[in-house]
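See below for the structure under consideration.
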2 protein chains.
Amino acid sequence: MGDIAVLANVSKPTVSRALRDSPLVTAETKALVLEIARKHGYAVNRNAQKLRDKRTNTIAVVADFKSFPGSRLADPFSFELLADVAQALSLRSQDLLLCAPAEESHETYQTLLASRHADGIIFLGQGQRDPMLRQLAKTDAAFVVWGAVAQDQPYCAVGGANVRGGELVGARFAESKRRRAVFIGGSDEHLEMKQRRLGFEKALLAKQPSASVGHIVVSNFSYESALAAMVAYLDGKNKNEYPDAIFAASDTIAMAVYKALRDRGLSVPKDVSVIGYNDNPHAAWCSPSLTTIRQDTRQAGSLLVEQLMMMLEGRKPQSIMIPAELIVRES
Amino acid sequence: MGDIAVLANVSKPTVSRALRDSPLVTAETKALVLEIARKHGYAVNRNAQKLRDKRTNTIAVVADFKSFPGSRLADPFSFELLADVAQALSLRSQDLLLCAPAEESHETYQTLLASRHADGIIFLGQGQRDPMLRQLAKTDAAFVVWGAVAQDQPYCAVGGANVRGGELVGARFAESKRRRAVFIGGSDEHLEMKQRRLGFEKALLAKQPSASVGHIVVSNFSYESALAAMVAYLDGKNKNEYPDAIFAASDTIAMAVYKALRDRGLSVPKDVSVIGYNDNPHAAWCSPSLTTIRQDTRQAGSLLVEQLMMMLEGRKPQSIMIPAELIVRES
DNA sequence: TTGAAAGCGCTAACAC
DNA sequence: GTGTTAGCGCTTTCAA
């Protein structure tokens with residue numbers, strides 16, 4: 001910047017002001033400075049800016065890429081969410097620092113902020129880290145979480161209407177008079193799972209009190225793990241005890257359910273009705289196309305960013321739920 | 001840091017040295033400083049570090065999230081690649097600045113580097129931006145590209161063996177005596193597409209000279225676009241002219257092909273054999289499961305990072321191709 | 001409207 | 001081993 005100042009025959013502050021389009025600078029001076037800067041490929045040093053200002057205009061986004069080490073891609077849902085968060089941040093001229101989750105201690109994240117690496121954090125997925133997040137909430141760390149919205153939560157979350165989503169599924173199975181329903185998904189420790197399962201049971205039993213509702217717990221959200229769990233479950237049953245309705249906690253799990261049913265010669269939806277969650281792109285492509293619950297990631301992304309920005313302005317944003325919508329297809 | 005220095009009764013440089021575990025500091029002093037820093041939640045300011053050093057230890061990653069505005073997720077392949085790049089960067093303690101592609105001018109990216117925002121750039125996808133990249137290569141910008149590796153390329157690329165991939169597909173169709181083959185994918189302007197198509201034609205015609213090879217051009221890589229193109233193609237043919245072998249440039253496109261064939265009552269692989277590209281997770285899950293070409297994104301991610309690091313050390317890394325592997329399934 | 005001075009937090013170079 | 005000094009590049013006082 002010094003060089004540019006010399007070349008333009010002005011002082012450093014004037015160059016700075018010109019580049020930031022300050023009204024304090026003559027149009028001519030401004031034009032001159034801009035021209036020279038452009039010609040010399042000069043760009044303001046962001047690190048110096050960040051050092052001087054308190055704000056870094058950078059948001060750290062923590063995304064779980066793999067459902068477990070060595071596995072393939074996690075559910076595409078997280079990626080659509082990441083993409084939409086990226087877009088929302090870009091609209092607000094915030095940089096996105098992408099973090100693969102490290103050792104999950106709240107201190108790691110406090111350090112991230114303390115070192116002025118980022119102004120705030122967006123966690124894409126609450127998963128098992130609720131306890132850590134509660135710790136982090138005791139500090140003045142600015143962060144927002146995609147996950148279940150709960151009553152006693154000391155931090156700001158943006159999440160789907162999981163109970164409602166489960167209810168929609170339960171109601172639909174009740175309508176088609178299904179009597180042996182099963183929920184396949186994570187354990188109740190995973191709050192989102194618990195909410196979906198409870199909404200599901202409640203709505204189904206309300207209209208169909210004689211129905212049974214099983215619960216198959218998967219150890220992680222991978223296709224393989226879900227397939228193993230589903231196969232094991234069916235292996236333990238007689239044909240006449242087989243479920244006639246399966247609610248899968250994700251579309252990926254639903255694909256594993258399809259596979260297990262196909263291998264046993266069961267037809268969807270005649271023998272078994274299946275409903276998934278998230279409305280992944282491939283839910284619409286497979287055959288029979290999958291009925292599922294859609295959550296608008298675009299809206300989710302905007303809200304996550306919005307709430308975090310609010311927090312950075314010193315306000316105290318509320319947790320928000322986004323709607324769950326049943327997308328009826330062939331399954 | 002000043003505060004910590006005062007509390008520890010030492011000078012700032014000593015604190016700095018202690019925190020960086022310099023051998024110049026007594027073990028006791030080090031322990032004392034560390035203890036005090038920990039107690040006060042102190043973390044070294046990264047922006048000050050970046051300002052002072054020349055290196056920022058940050059790599060910008062440019063990823064095309066959406067195949068086109070408003071669409072759903074782009075092909076999951078890019079995301080697996082992103083995840084693996086993230087991991088490779090993390091192993092080298094490099095921060096990942098995630099960039100949604102802006103106005104595609106080489107100046108944008110020069111500015112990114114000039115402002116010391118990042119040390120280098122990884123472009124995940126060469127797409128239509130080869131001309132821009134050639135411009136950028138004329139500067140001293142450090143960058144690496146995932147995409148086609150070509151002869152006259154003035155920049156470092158890491159990419160799949162696309163010609164080889166095409167050959168594998170062509171050879172397989174020849175083995176099963178298919179005679180009316182079609183390639184459905186991007187136009188030849190997209191270099192990766194061209195390479196796959198040429199390898200395909202060559203290998204198929206070498207063993208099966210009487211075969212015909214059609215080319216369906218999709219305007220983008222979305223499912224919808226591919227489905228429309230496929231349907232239009234079939235609409236223009238008589239039943240006896242229908243292809244008996246289709247090579248789809250991505251698994252997403254292959255899913256659209258499946259759909260178009262199903263809707264016409266054609267069976268895979270009896271009537272038509274289909275092969276995709278990328279080995280997306282759902283390629284294995286659909287029915288019939290999809291034969292496809294796998295490219296190891298893990299290796300790709302490592303290589304991209306490795307080559308870029310080499311460049312940042314002042315060396316001149318070579319472009320590299322990673323192998324293409326045929327994964328035979330039911331289709 | 002512009003400039004001079006000061007300081008953001010850090011570390012390399014040079015004393016001691 | 002430790003401290004002093006200086007400067008990375010920027011922008012916000014404050015003074016002119």
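Order of the sequence lines fixes the chain letters, A, B, ..., with proteins taken first and strands second; residue numbering starts at 1 for each chain.
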[X] [atom1] - [N] [atom2] separation (whole Å):
X	N	atom1	atom2	result
Lys12(A)	dC14(D)	NZ	P	19 Å
Met1(B)	dG3(D)	CE	P	13 Å
Leu24(A)	dC14(D)	CG	P	15 Å

Could you measure the distance from the [atom1] atom of [X] to the [atom2] atom of [Y]? Nearest 0.5 Å is fine.
X	Y	atom1	atom2	result
Leu136(A)	Leu113(A)	CG	CG	7.0 Å
Lys39(A)	Ile4(A)	NZ	CD1	10.0 Å
Met193(A)	Asn162(A)	CE	CG	7.5 Å
Arg46(B)	Lys50(A)	CZ	NZ	10.5 Å

message = Tell me whether Glu313(A) at atom CD has more than 12 heavy atoms from other residues, nucleotides or ligands lying less than 6.0 Å away.
response = yes
ask   = Where do Phe77(A) and Thr297(A) land on the side chain to side chain contact (heavy atoms under 4.5 Å, CB included) test, with the steps shown first?
value = CA-CA 8 Å; Phe77(A) 179 77; Thr297(A) 55; 3.4 Å; yes
query = Do any side-chain nitrogens or oxygens of Thr14(B) fall under 4.0 Å of OP1 or OP2 in dG3(D)?
reply = yes
query = For DNA chain D, what residues of residues 44-60 of chain B have any heavy atom nearer than 4.0 Å?
reply = Leu51(B), Arg52(B), Lys54(B)
inquiry  = I need the residues from residues 25-37 of chain B with at least one non-hydrogen atom less than 4.0 Å from DNA chain D; give them sorted by number, or say none.
reply    = Val25(B), Thr26(B), Thr29(B)
message = Classify the ring geometry of Phe79(B) against Phe79(A): parallel below 30°, tilted from 30° to 60°, perpendicular beyond 60°.
response = perpendicular
task = Give the ring-plane orientation class for Tyr155(B) versus Phe143(B), where under 30° counts as parallel, over 60° as perpendicular and anything between as tilted.
result = tilted
task = Name the residue closer to the 5' end of DNA chain D, choosing between Pro13(A) and Arg17(B) according to the nucleotide with the nearest heavy atom.
result = Arg17(B)
